[in-house]
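This report concerns only the one structure given below.
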Number of protein chains: 2
Amino acid sequence: MTDIKKKRVRRSPEEARAHILAAAAERLKSDGPDGLQVKEIAAVAGVAHSTVLHHFGSAAGLRTELVDTMGNKLLEDILAVIKSRPATEADDEVLLHVFEILSDEGHARLLAWMMLKGDHFSDGNAQMKDLFHRLIEEMAAAVISVQDDQSEKAWRSARRAARFSTMLAAVAAVGDGIAGEFLANYIGLTEKEAQGDFRIWFSELLNSQMKPEADEASS
Amino acid sequence: MTDIKKKRVRRSPEEARAHILAAAAERLKSDGPDGLQVKEIAAVAGVAHSTVLHHFGSAAGLRTELVDTMGNKLLEDILAVIKSRPATEADDEVLLHVFEILSDEGHARLLAWMMLKGDHFSDGNAQMKDLFHRLIEEMAAAVISVQDDQSEKAWRSARRAARFSTMLAAVAAVGDGIAGEFLANYIGLTEKEAQGDFRIWFSELLNSQMKPEADEASS
DNA sequence: AATATTATCGACAAAAATGTCAATAGCGCA
DNA sequence: TGCGCTATTGACATTTTTGTCGATAATATT
């Protein structure tokens with residue numbers, strides 16, 4: 001009676017790999033790195049654990065592959081947001097998007113895990129670096145363009161501010177993604193404040209910092 | 001010849017536990033959570049793995065214990081720094097110390113791991129919350145004291161700024177501890193800049209933000 | 001329709017990690 | 001010095017995780 005044979009699904013290698021990786025990502029999000037046992041992942045994917053091994057060679061291979069794909073997707077997502085930045089408009093939106101990307105999708109957890117494991121992405125580095133440099137240059141140019149002093153020294157100062165602002169935005173976004181909820185609780189921010197007002201406030205702070213009128217750090 | 005029996009050391013239970021926990025912390029720092037197998041930890045501690053089990057009951061017990069002690073030590077360290085803050089002097093020093101604590105000792109890694117696992121500290125919460133609230137109140141009071149407007153509305157505004165500044169400092173410190181090196185590389189900061197100038201710049205930014213003259217976020 | 005290919009599976013094997021236990025050896029104490 | 005307590009240990013047992021292999025079934029190809 002109960003011995004119904006479930007028809008086995010046969011995917012293309014690419015589909016199968018993608019399917020399994022999706023299951024692994026789900027486990028990582030829900031249970032952290034401890035949830036990345038082959039058996040568990042196979043269960044979520046609905047396949048035999050030997051199938052997983054078949055496609056990735058080994059458990060380690062699967063995890064490496066997972067870091068690689070997720071890491072690159074994260075970079076691409078952020079890259080896309082920054083690229084889409086309207087040249088003249090306020091940068092607020094960009095920063096808010098970055099915060100959202102890092103907090104909502106468990107991406108910060110991935111980053112944290114990667115940092116813990118010690119290995120980094122393989123791809124996308126050059127592109128990412130390049131983008132950051134362009135971004136910084138643009139920010140500096142925006143500052144320079146609205147002020148009188150356009151000397152070499154002024155450029156250096158503007159670039160410095162742009163680099164530091166970018167760094168601050170980045171570390172804040174990562175920290176917020178990983179421990180934002182936790183810290184907000186300690187500090188006494190409601191969830192709404194932490195995810196809304198606070199980010200807007202921060203965004204405005206950065207903007208005002210980049211405006212030359214407010215350069216009191218030049219002492 | 002070579003079968004020298006090493007004399008076995010016998011510690012008090014407290015000493016033994018502390019010794020083993022230290023070894024575990026070392027493994028966590030060097031190899032991340034994957035380095036927390038009892039065999040490895042026992043090897044570092046120079047004891048048999050059954051000794052570890054004897055003192056902590058189980059592998060899970062050891063790890064729980066480790067999170068607890070390290071977490072509380074981290075909180076205490078930060079607490080100590082904030083407490084030692086001279087009331088009238090600049091807050092720069094405090095922030096810099098917090099950054100150092102989180103980056104230097106692998107503390108941020110611990111935090112990251114805890115966030116990944118999903119469990120938090122057991123103790124110290126109330127004290128920490130209390131301290132944060134006092135800190136925020138003091139910051140707000142400092143702002144209010146040097147300005148004319150001391151209405152209830154002004155207080156609310158000052159507290160808000162203080163809370164947000166604290167939140168920003170916290171997430172930035174955590175993010176820097178976890179991914180600072182990585183991000184600095186992307187953004188083009190030298191190690192020296194990232195650990196020195198950047199932090200000072202950030203500290204000054206926060207200070208200037210808390211000064212009422214520079215409140216442009218009140219629009 | 002027959003055949004080749006290979007993704008999938010289950011059962012088994014190996015390895016790794018955790019846990020158990022009786023014997024041993026330091027250390028305090030009488 | 002002798003004795004009791006127990007931290008420590010190695011050998012063994014159990015559980016968990018990973019890896020292997022032949023058989024099977026779904027799909028493409030002829």
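Just so it is clear, the structure is predicted and the values come from calculations on it, not from any experiment. Below, read A as the first sequence line, B as the second, and so on, with proteins coming before strands; counting in each chain starts at 1.
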> Whole-Å distance between C/dA17 P and B/D31 CG?
Replying inline: 12 Å
> Rounded to whole angstroms, how far apart are NZ on B/K39 and C1' on D/dT17?
Replying inline: 14 Å
> For B/K7 and C/dG26, what is the distance between atoms NZ and C1' respectively, to the nearest whole Å?
Replying inline: 8 Å
> Which whole-number value in Å describes the distance from A/E40 CD to D/dT16 C1'?
Replying inline: 11 Å
>> Suppose we screen for salt bridge (Lys or Arg N to Asp or Glu O under 4.0 Å). Which residues come up paired with B/D34, at least two apart in sequence or across chains?
In response: none
> Within this structure, what is the CZ-to-P distance between B/R8 and D/dT9, rounded to whole angstrom?
Replying inline: 6 Å
>> The criterion is side chain to side chain donor-acceptor pair (under 3.5 Å); which residues satisfy it with A/D197, sequence neighbours excluded?
In response: none
>> With hydrogens left out and only the distance checked, is there a donor-acceptor pair under 3.5 Å joining A/R11's side chain and the base of C/dT8?
In response: no
> Between B/F182 and B/Y186, what is the ring plane arrangement, given parallel below 30°, perpendicular above 60°, and tilted in between?
Replying inline: tilted
>> List the residues meeting side chain to side chain donor-acceptor pair (under 3.5 Å) with B/R159, not counting sequence neighbours, and say none if there are none.
In response: B/E137
>> What's the angle between the local helix axes at either end of the helix from C/dA1-D/dT30 to C/dA30-D/dT1, using five pairs per end and rounding to 10 degrees?
In response: 10°
>> Quick check on contacts: within residues 15-25 of chain B, what sits under 4.0 Å from DNA chain D by heavy-atom distance?
In response: B/A16
> How long is the line joining CG of A/L36 and P of D/dT16, in whole Å?
Replying inline: 18 Å
> By a strict heavy-atom criterion of less than 4.0 Å, which residues belonging to residues 51-63 of chain B are in contact with DNA chain D?
Replying inline: B/T51, B/H54, B/H55
>> Please report the distance, rounded to the nearest Å, between CD in A/Q37 and C1' in C/dA15.
In response: 15 Å
>> Taking atom types as they are modelled, would you say the side chain of A/R10 forms a donor-acceptor pair with the base of D/dT27 within the 3.5 Å cutoff?
In response: no
